There are 2 protein chains.
Amino acid sequence: MSQTVDRALSILPLLAEGPADLGRVAERLGVHKSTALRLLRTLHEHGLVYRQSDQRYRLGARLFALAQQAVESLDVREIAHPHLVDLNERCGHTVHLAVHEEHEVLYIDKVESRYPVRMYSRIGKPVAITVAAVAKLLLADLPETERRALAQRLDYPMYTSRSTPNATAFLKELATVREQGWATDLGGHEESINCIGAPVIGADGRAVAAMSVSAPNVVVTAEELLTLLPLVRRTADAISREYSGRTGSGPLPDRALAASPAAASPAPPHAHPTEDHP
Amino acid sequence: MSQTVDRALSILPLLAEGPADLGRVAERLGVHKSTALRLLRTLHEHGLVYRQSDQRYRLGARLFALAQQAVESLDVREIAHPHLVDLNERCGHTVHLAVHEEHEVLYIDKVESRYPVRMYSRIGKPVAITVAAVAKLLLADLPETERRALAQRLDYPMYTSRSTPNATAFLKELATVREQGWATDLGGHEESINCIGAPVIGADGRAVAAMSVSAPNVVVTAEELLTLLPLVRRTADAISREYSGRTGSGPLPDRALAASPAAASPAPPHAHPTEDHP
DNA sequence: AATGACGGTTGCACGATATGCAACGAAGCA
DNA sequence: TGCTTCGTTGCATATCGTGCAACCGTCATT
């Protein structure tokens, strides 16, 4: 919409590929060097771009700081964190929290396994959207049409022989997940790693986040992991209750609409830092 | 330098404080609503800004992905990581790696303590620049003038009674660090946490990164932690050797210039995807 | 229901502002 | 020394971003 800003922002993914010099940036943008220079300078002033000693540009520190602040201000994360820690203390495995945004699903919190074997993942990293338990949970209750459209658009990389192979299989899997209210990933991303997950439900009754427990085969078998399901669902429900007053599994929360549930229900859904506009 | 881009980028830190609606953004920027709208739309198209269901804007997913890619393309980090893991396995404590950029020092890697007590820090988070061991190491071998200028410009928050109180004390501390080639933070940031650190030396002989081991008092006393110093320095030197062939401590690397050290020295200093500067 | 207030959105005319050009400066190389 | 390459600067042009005013949808109030 705004040409100048558009060009400037296009520099970021370009630099994410690796450091580049002025000439290359100008070339890739299709603009004159002097133009690229001015854009880079502006990005530099805001700390989004850093000029290293060999004069080439790369992504800058402020980007981290921003991503940092962004993830910390997510209210679901705030509420969920203690529950995740709690769950981790009970079962010892890696616990993840993820949200769906735009066309990606990404981890926003993680509590590391207490076992020496750890899986590779990082907060902010987009998940394998076609196989991860959390991704299935979040996409499962998208509106019908969106779900179909998304499924068509996706790639279906075969990480392992048990990865979701195509859109049809994926939609079928989503239907199952939607119905049962929980999801698994049994070796679909990495041969030896299994996950089970459950959704965090928002005020509108849809999944606002999803959590999962992951463990490698060498620690527990898939069957053993599945015995944790009740615990995982209870944790997810506890988060949902605190976040929105609704829960994903069990009886629908009519009681939330009926009398005054007093106990733990009507917490403020969003936690705004300052409310200065009366 | 470029007004439009400047304005657009100013939105990011603004949203980092928390979600905001169009009106607030326009007001904070001092521009008309329609202008703010166009800027936000452009940011949105690039995924840097996300519009949540209540129509308010907040920072978007791509920011995470970018920060992610940026940190992963740092070559020091790549080289250092296995050494950090190794060190963690030997001593059990939290290990950090940090770099200096612009006017900040920030963590770019971390291996969590194996003890239940963990300290709060996160990759991408700027460190307490006046007290952290890694910060002292990185600032210690800045050119004289830059160091003085920086020291004057800084704030000196008294996190604890042992925090660096002012510029004079800081410069003196840096001189010590520079001379001895390692640094400590004994309760200067959090009363009960001690750190020791050592620098990673680049091809130009200056610190390109710094690493540290941190542990709370309840696990090991400061004296006990100091006994790890040789191990920490050896690890930092190993990283330096692999990264640039030079080391920080011990005899100056004449031998690196003399015969062929065969063993572990002349690794490619930078791992650029494409080497376009011969 | 009707009214008003509020926040977001659109189209447009104006001119501020981003653009490419050309010339300059600074390294690196033969 | 001359040549090439790359970053930088000043400037005239017109493109592109800007603010205005009007419009629309939603919500709250009477």
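Fair warning: this is a prediction, and the values are worked out from it, not measured in the lab. Note on naming: letters A, B, ... go to the chains in the order of the sequence lines (proteins, then strands), and numbering restarts at 1 for each one.
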**Report entry** A/Arg41 vs D/dT9: side-chain N/O to OP1/OP2 distance below 4.0 Å
**Finding:** yes
Query raised in the report: Would one find a side-chain N or O of B/Arg7 under 4.0 angstrom from OP1 or OP2 of D/dG17?
Result: no
Query raised in the report: Is there a side-chain contact between A/Tyr50 and A/Leu59 (heavy atoms, below 4.5 Å)?
Result: no
Query - Residues which pass side-chain hydrogen bond (donor to acceptor under 3.5 Å, both in side chains) with A/Asp6, listed by chain and number, not counting sequence neighbours - result: B/His46
Query raised in the report: Salt-bridged, B/Glu104 to A/Arg62, with N to O below 4.0 Å?
Result: yes
Query raised in the report: Taking for each residue the nucleotide of DNA chain D bearing the nearest heavy atom, is the 5' side occupied by B/Thr35 or by A/Leu37?
Result: A/Leu37
Query raised in the report: Do B/Asp109 and B/His81 meet the criterion of a side-chain donor-acceptor pair at a distance under 3.5 Å?
Result: yes
Query raised in the report: Can a salt bridge be assigned to the pair A/Arg28 and A/Glu17 using a cut-off of 4.0 Å between side-chain N and carboxylate O?
Result: yes
Requested in this report: Round to the nearest Å and state the distance from A/Gln52 atom CD to D/dG7 atom C1'.
Outcome: 16 Å
Report task. Please report the shortest heavy-atom distance between A/Ala8 and A/Leu43, naming the atom on each side. Result -> O-CD1, 3.6 Å
Using nucleotides 20-22 of chain D, report all nitrogen or oxygen pairs with the protein that are shorter than 3.5 Å.
residue: D/dC20; atom: N4; partner: B/Ser34; partner atom: OG; Å: 3.2

Requested in this report: Taking only Lys NZ, Arg NE, NH1 and NH2, and the carboxylate oxygens of Asp or Glu, determine whether B/Glu45 and B/Arg41 approach each other closer than 4.0 Å.
Outcome: no
**Report entry** B/Glu179, CD: over 12 other non-hydrogen atoms inside 6.0 angstrom
**Finding:** no
Query raised in the report: Rounded to the nearest Å, what distance is computed from the CG atom of residue B/Leu29 to the C1' atom of nucleotide D/dG19?
Result: 14 Å
Query raised in the report: At under 4.0 Å, does any side-chain N or O of A/Arg38 touch on OP1 or OP2 of C/dT19?
Result: yes
Query raised in the report: Over its full length, what angle do the end axes of the helix from C/dA1-D/dT30 to C/dA30-D/dT1 make, each axis taken from five pairs and the result rounded to 10 degrees?
Result: 40°
